[in-house]
Amino acid sequence: MWVGFFVDDDQGNRHAVAWRYALFVTTMLTEVRMHIGSVLLVIWLVIGGIAAGQRGDYKGPVDCSSFSTAAVTILAGGLNYAHVDPHINCSTPHPSS
């Protein structure tokens, strides 16, 4: 059963507006989901940043390994508190003399 909303214009004609209402509600729900997803992503990354700070990933010299480990720890977010301990070992080539 289709339930419609009708609006009378100045000439007395009726126009169905149910599809407009449905489109509006659908758009609003999509935007709400996108905002919730963005907020959850930011919270996830903040948790990862806090975990990286607690592990001391921000201390010491910045080289390929320390930067990569800090970045992966931040991306791991809340998984750091489930005993995920990412470490990246890499080296950058040194210029020849």
Which pairs count as salt bridge (charged side-chain N to carboxylate O under 4.0 Å, His left out) when at least one residue sits in residues 39-49, sequence neighbours excluded? none
Using 0.5 Å steps for rounding, measure from the CG atom of D63 to the OG atom of S68. 8.5 Å
Side chain to side chain, I88 and C64, heavy atoms closer than 4.5 Å: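 The answer is no; the side chains never approach within 4.5 Å.
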So S38 and L41, do their side chains get closer than 4.5 Å, heavy atoms only?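 Side chain of L41 against side chain of S38, heavy atoms only: no contact under 4.5 Å found.
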Show which side-chain atoms of residues 42-53 pair as donor or acceptor with protein atoms under 3.5 Å away, not counting sequence neighbours.
unit_1	atom_1	unit_2	atom_2	d
W44	NE1	L75	O	3.0

Compare every heavy atom of T73 with every heavy atom of T69, then report the nearest pair and how far apart it is.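 Result for this residue pair: O-OG1, 2.7 Å.
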Set of side-chain hydrogen bond (donor to acceptor under 3.5 Å, both in side chains) partners for D85, sequence neighbours left out: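 If we apply the side-chain hydrogen bond (donor to acceptor under 3.5 Å, both in side chains) test to D85, skipping adjacent residues, the hits are R55, H87.
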Should we say atom OH of Y58 is surrounded by more than 12 heavy atoms from elsewhere, each under 6.0 Å from it? yes
